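Worksheet: the structure to be examined is printed underneath.
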Amino acid sequence: MDNCIFCKIVNGDIPCYKVYEDAEVLAFLDVSPVTKGHTLVIPKEHFDSLLYCPKDLLGKVMAVAQKIAQASITTLGAKGVNIVNNTNPIAGQTVMHFHVHVIPRYSDDDQLKLEFNKNLENLNLPVIAENLSKKI
């Protein structure tokens, strides 16, 4: 994609701080990090989101994310890691090129909060599960 910033990084038109690269996957430091070592892992081929990335390539992206998470703990001294994907703008995706955030975590007060604390009531879980399972 001509106007995709991540494709421009893959093509070398925009510099980056590479953490990992192979024939299919590139990982580089986020230029707007939320913690030290915040890394983006992308397939080199353009796919708008996780929804369109082939399963084998998706697995390779996640395998690289795992390696970076492990290195964040052993090398950077992180105490934990968040691995996050935002799919579509409603979920926070700002660059429409599939990518995974590897976010090292160092303390409880690092000003980054990822919380799942909303308890939706009156959901018919059996019906939701049945409907989803029909489409998988």
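All of these numbers come straight from a predicted model, not from anything done at the bench. Side-chain atoms are counted along with the backbone in the values below, which use heavy atoms only and exclude waters and symmetry mates.
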- Query: Just how far is it from atom NE2 of His38 to atom CG of Leu29, taken to the nearest 0.5 Å?
  - Reply: 9.5 Å
- Paired with His101, the side-chain contact (heavy atoms from CB on, under 4.5 Å) test is passed by just one of Val34, Asn82, Thr39, Asn86, namely Asn86
- Note on the structure: Ala65 and Val100 have their tightest heavy-atom pair at CB-CG1, 4.2 Å
- Task: Check His46 against Met96 and note the closest heavy-atom contact, atom names and distance.
- Result: CE1-O, 3.0 Å
- Rounded distance (nearest 0.5 Å) linking atom CG of Leu125 with atom CG of Leu132: 10.5 Å
- When hydrophobic residues are tied together by side-chain contacts of less than 4.5 Å, even through go-betweens, does Leu58 share a cluster with Leu40? no
- State the OG1-NE2 distance between Thr94 and His99, to the nearest 0.5 angstrom. 5.5 Å
- Is Ile73 linked to Ile83 within one hydrophobic cluster, defined over Ile, Leu, Val, Met, Phe, Trp and Tyr using a side-chain heavy-atom separation of less than 4.5 Å? yes
- Evaluate whether atom NZ of Lys67 has more than 12 neighbouring non-hydrogen atoms of other residues, nucleotides or ligands under 6.0 angstrom away. no
- Task: Determine, using the 4.5 Å side-chain heavy-atom cutoff (strictly less than), whether Ile14 and Phe28 are members of one ILVMFWY cluster.
- Result: yes
- Query: Of the non-hydrogen atoms in Ser72 and Val81, which two are nearest, and what is the gap between them?
  - Reply: CB-CG2, 4.3 Å
- Is Ile5 reachable from Val25 through a run of I, L, V, M, F, W or Y residues, each pair having side-chain heavy atoms under 4.5 Å apart? no
- Minimum heavy-atom separation for Thr87 to Asn85, with atom names? OG1-OD1, 2.6 Å
- Indicate yes or no: at least one non-hydrogen side-chain atom of Phe98 is less than 4.5 angstrom from one of Leu57. no
- If you look at every heavy atom in His97 and Cys4, which pair is closest and at what distance? ND1-SG, 3.4 Å
- Message: Minimum heavy-atom separation for Val61 and Ile42, please, with both atom names.
- Response: CG2-C, 4.2 Å
- Between Ile103 and Asp30, is any pair of side-chain heavy atoms under 4.5 Å apart? no
- Tyr106 versus Leu76: any side-chain heavy-atom pair under 4.5 Å? yes
- Determine, using the 4.5 Å side-chain heavy-atom cutoff (strictly less than), whether Val102 and Val84 are members of one ILVMFWY cluster. no
- Query: Got more than 12 heavy atoms from elsewhere within 6.0 Å of CG, Leu123?
  - Reply: yes
- Query: Which distance, rounded to the nearest 0.5 Å, do you find between the CG of Asn11 and the NZ of Lys44?
  - Reply: 10.0 Å
